[in-house]
Amino acid sequence: MLDIKLIRGNPDYIREKLKLRGEDDKIILRIFDIDKRRREIIKKDESLKELRNKVSDEIAVMKKNKENADEKITEMRKVHAKIKELDDELRKLDVMIDGELKFLPNNPKDDVPVGKTEDDNVEVKVWGEKKNFDFKVLDHLELGKKLDILDFDIGTKITGSGFPFYKGKGAILERALLNYMLDTHIKNKYIEVIPPVIVNSISMETAEKIPKFADDMYHIERDDMYAIPTAEVPLVNIHRDEILKPESLPIKYCAFTNCFRREAGSYGKETKGFLRVHQFNKVELVNFCKPENSYDELERMLIDACNILEKLNIHYRIIELCTGDLGFSASKCYDIEVWSYAEKKWLEASSISNFTDFQSRRGKIRYKKTLESGKTKPEFVHILNGSGLATSRLIVSLLETYQTEDGHIVVPEVLRDYTNFDLI
RNA sequence: GGAAGGGUGGGUGAGCGGCUGAAACCAACGGUUUGCUAAACCGUCAAGUCUUGUAAAGAGGCUUCGAGAGUUCGAAUCUCUCCCCUUCCGCCA
């Protein structure tokens with residue numbers, strides 16, 4: 001969530017940022033209005049409470065002296081009623097303003113390229129080159145079926161469409177990939193964790209996934225819990241309601257989890273095989289850091305993720321998302337896309353974002369900052385997250401990239417210690 | 001799932017209607033002492049929010065003792081509901 005004080009003090013600035021995202025800026029006017037009413041009520045309410053506290057103390061003294069305080073007590077009954085009235089009104093306004101804030105996105109950083117759609121995203125870097133195959137390339141479904149390593153029909157039978165099923169060397173390759181990624185991140189000082197994949201609604205709210213994206217989540221109604229769409233959710237919540245020590249920052253976590261997404265409304269769009277699934281595997285990176293370092297940390301995380309692909313020798317590119325394509329919570333975001341030879345297009349395999357203090361404000365995740373005066377004051381940390389990486393799209397690119405003319409897959413060098421075979 | 005006990009500041013933990021935003025201890029930070037370290041001693045040490053306001057600052061009010069509702073002039077303290085934790089029993093990987 002954004003800081004209400006920022007909106008109060010710079011409404012036009014926020015409106016500009018909203019327009020850059022292509023969003024309606026009327027929400028700011030509404031928030032501004034509610035906030036104004038809210039503060040008027042607070043003023044009245046608090047001055048009455050001050051009176052109540054004062055007179056209550058007086059009554060205490062009078063009672064101690066065995067004096068009669070009936071008159072004051074009668075008077076305070078009226079004050080009590082009025083306070084209750086104002087409290088109720090205030091609560092309504094609080095709910096209203098929070099309801100608006102929950103749908104207000106983070107501000108794009110000033111240097112984020114301005115644009116409307118993904119067509120306006122900026123290609124930052126292309127790594128490697130496209131291979132020249134002198135035979136007809138097979139897509140990942142054909143390869144998976146031929147080699148009996150992927151079977152979407154079984155997944156459909158067990159659960160439904162979009163639930164992949166890995167088999168034999170396919171399962172081993174997947175496991176190798178995940179282990180290889182985790183081991184690499186650990187070397188880069190990420191702390192590995194295995195978090196719950198079902199979380200409560202507070203965790204979802206802190207991660208700013210609900211209410212905005214509630215429709216895309218698997219929800220267990222009976223317990224009001226959610227299957228995570230990304231490990232970012234549990235990881236971000238590790239330090240909820242904490243004030244961290246400044247010397248502990250940055251704190252970096254990595255985790256492998258299954259991820260679950262309903263992908264509501266996207267049927268018919270890239271539904272083939274692994275291109276869009278309801279359950280997939282991902283190694284996620286989350287970084288808690290001081291605000292002044294967050295954009296440097298973003299670049300580091302980008303490198304950490306890219307390194308994985310380079311060691312795997314996968315042709316990839318980095319794009320920077322434009323203001324119109326930027327995610328709800330992000331102030332700046334890079335996507336890493338891998339090349340699919342069968343689809344003849346780039347596939348998103350990772351998204352690395354600086355969410356600044358957007359989640360930390362909602363989850364009260366702070367650190368003790370030392371001011372110039374030497375005093376300390378809690379300040380919201382910046383939180384970054386990135387996939388490092390999701391295997392679903394990566395496996396598409398990997399299988400296609402490493403296929404041989406006779407329909408086999410050469411295991412990439414760095415994975416062979418994990419797979420114990422070099423050909424599928 | 002059944003039974004009992006409990007949720008207080010960074011931690012341990014007292015308080016059980018007004019003198020408690022909260023004792024005491026520990027940790028942390030600053031200082032004195034010291035050749036250095038340690039020890040000892042002194043001091044500081046919750047967050048949020050509103051108003052006012054400064055070059056930085058500051059001043060004042062309000063709120064917060066798991067969450068919510070209630071009783072009361074006044075609630076950490078009494079009542080109700082919910083959530084969570086611990087222990088024991090049952091079931092089970």
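Since we're looking at a predicted model, the values are computed, not measured. The analysis underlying the following values was restricted to heavy atoms, covering all of them including side chains, and did not include hydrogens, waters or symmetry mates. All chains are named by letter (A, B, ...) in the order of the sequence lines, taking the proteins before the strands, and each is independently numbered beginning at 1.
- Using a 4.0 Å cut-off, no side-chain N or O of A:R39 falls inside it from OP1 or OP2 of B:rU49.
- A search for ring-ring contact (aromatic ring centres under 6.0 Å, His included) contacts involving A:F152 returns A:F274, not counting sequence neighbours.
- B:rC80 and B:rC62 have their P atoms separated by 31 Å, with the value rounded to a whole Å.
- To the nearest 0.5 Å, atom CD1 of residue A:I228 and atom SG of residue A:C259 are 5.5 Å apart.
- Near RNA chain B, meaning a heavy atom under 4.0 Å away, the residues from residues 77-86 of chain A are A:R77, A:H80, A:K84.
- B:rA4 and B:rA76 have their P atoms separated by 28 Å, given to the nearest Å.
- Residues A:K43 and A:K377 both approach RNA chain B. Their nearest nucleotides, taken by heavy-atom distance, put A:K377 toward the 5′ side.
- When rounded to the nearest whole Å, the span between CD of A:E379 and P of B:rA47 equals 14 Å.
- Considering only residues two or more places apart in sequence or on other chains, A:E242 meets the side-chain hydrogen bond (donor to acceptor under 3.5 Å, both in side chains) condition with A:H239.
- For residues 156-184 of chain A, every residue pair satisfying the salt bridge (charged side-chain N to carboxylate O under 4.0 Å, His left out) rule, not counting sequence neighbours, is listed here: A:D148-A:K167.
- Across the protein-nucleic acid pair, A:K245 atom NZ and B:rG10 atom C1' stand 7 Å apart, rounded to whole Å.
- A:N420 is linked by a side-chain contact (heavy atoms from CB on, under 4.5 Å) to nothing, counting only residues two or more places apart in sequence or in another chain.
- In terms of position along RNA chain B, the nucleotide closest to A:P378 lies nearer the 5' end than the nucleotide closest to the other residue of the pair A:P378 and A:T74.
- Atom name P, nucleotides B:rC85 and B:rU8: the rounded distance is 14 Å, in whole Å.
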*Can you check each nucleotide of nucleotides 16-22 of chain B against protein heavy atoms at under 4.0 Å and return B for base, S for sugar-phosphate only, - for none, in 5' to 3' order?*
--B----

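- Within 6.0 Å of CD in A:E71 there are 12 or fewer heavy atoms belonging to other residues, nucleotides or ligands.
- Under the 6.0 Å cut-off for aromatic ring centres, A:F288 and A:Y367 do not qualify, their centroids lying 6.0 Å or more apart.
- Taking the salt bridge (Lys or Arg N to Asp or Glu O under 4.0 Å) definition, one finds that A:E23 meets it with nothing, sequence neighbours left out.
- Note on A:R52: every side-chain N or O is 4.0 Å or more away from OP1 and OP2 of B:rA75.
- Following rounding to the nearest Å, A:R366 (CZ) and B:rG9 (C1') show an atom-to-atom distance of 13 Å.
- The environment of NZ in A:K36 is sparse: at most 12 heavy-atom neighbours from other residues, nucleotides or ligands sit within 6.0 Å.
- Between the CD1 atom of A:I42 and the P atom of B:rU49 there is a distance of 11 Å, rounded to whole Å.
- Nucleotides B:rU72 and B:rU54 are separated by 45 Å at their P atoms, to the nearest Å.
- Evaluated for a side chain to side chain contact (heavy atoms under 4.5 Å, CB included) with A:L389, the options A:E284, A:M181, A:E348 yield exactly one hit, A:M181.
- Between the CG atom of A:D87 and the P atom of B:rG68 there is a distance of 12 Å, given to the nearest Å.
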Donor-acceptor pairs under 3.5 angstrom involving side-chain atoms of residues 46-55 of chain A: please list them, not counting sequence neighbours.
from  : atom 1 : to    : atom 2 : distance (Å)
A:S47 : OG     : A:K43 : O      : 3.4
A:S47 : OG     : A:K44 : O      : 2.9
A:K49 : NZ     : A:D87 : OD1    : 3.3
A:N53 : ND2    : A:K49 : O      : 3.4

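- For A:K72 and B:rU72, the shortest distance from a side-chain N or O to OP1 or OP2 is not below 4.0 Å.
- Within the 4.0 Å cut-off from OP1 or OP2 of B:rC62, at least one side-chain nitrogen or oxygen of A:N53 is found.
- Under the 3.5 Å distance criterion, with hydrogens and angles disregarded, a donor-acceptor pair is assigned to the side chains of A:N281 and A:N258.
- Nucleotides B:rC41 and B:rA24 are separated by 15 Å at their P atoms, to the nearest Å.
- Remark: of the listed residues A:D33, A:D35, A:D3, A:D35 is the sole one forming a salt bridge (Lys or Arg N to Asp or Glu O under 4.0 Å) with A:R8.
- Atom CG of A:L93 is separated from atom C1' of B:rC50 by 15 Å (rounded to the nearest Å).
- For the P atoms, the distance linking B:rC50 with B:rA27 amounts to 37 Å, nearest Å.
- Across all strands, A:K54 comes closer than 4.0 Å to no nucleic acid atom at all (heavy-atom distances).
- Of the P atoms belonging to B:rG30 and B:rA67, the separation is 33 Å, rounded to the nearest Å.
- Following rounding to the nearest Å, A:L90 (CG) and B:rU49 (C1') show an atom-to-atom distance of 11 Å.
- With sequence neighbours excluded, no residue satisfies side-chain hydrogen bond (donor to acceptor under 3.5 Å, both in side chains) with A:K145.
- Between B:rG9 and B:rG2, the two P atoms lie 30 Å apart (nearest whole Å).
- We find the SG-CD1 distance between A:C306 and A:I336 to be 4.0 Å, quoted to the nearest 0.5 Å.
- Residues that satisfy the side-chain contact (heavy atoms from CB on, under 4.5 Å) test with A:N200, not counting sequence neighbours, are A:I202, A:S203, A:R240.
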Could you go through nucleotides 55-60 of chain B and list every protein N or O atom that sits under 3.5 Å from one of its N or O atoms, giving the distance for each pair?
from   : atom 1 : to     : atom 2 : distance (Å)
B:rG58 : OP1    : A:K375 : NZ     : 2.8

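- Closest to the side chain of A:R91, out of B:rC73, B:rA69, B:rA47, is B:rA69.
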*Pairing annotation in dot-bracket form, given for RNA chain B with Watson-Crick or G-U pairs under 3.5 Å and | for cross-strand partners*: ((((((((.[[[..)..(.....]]].(((((.......))))).(((((((.....))))))).[[[[[..)....]]]]])))))))....

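- Between A:L244 atom CG and B:rG11 atom P the separation is 13 Å, expressed in whole Å.
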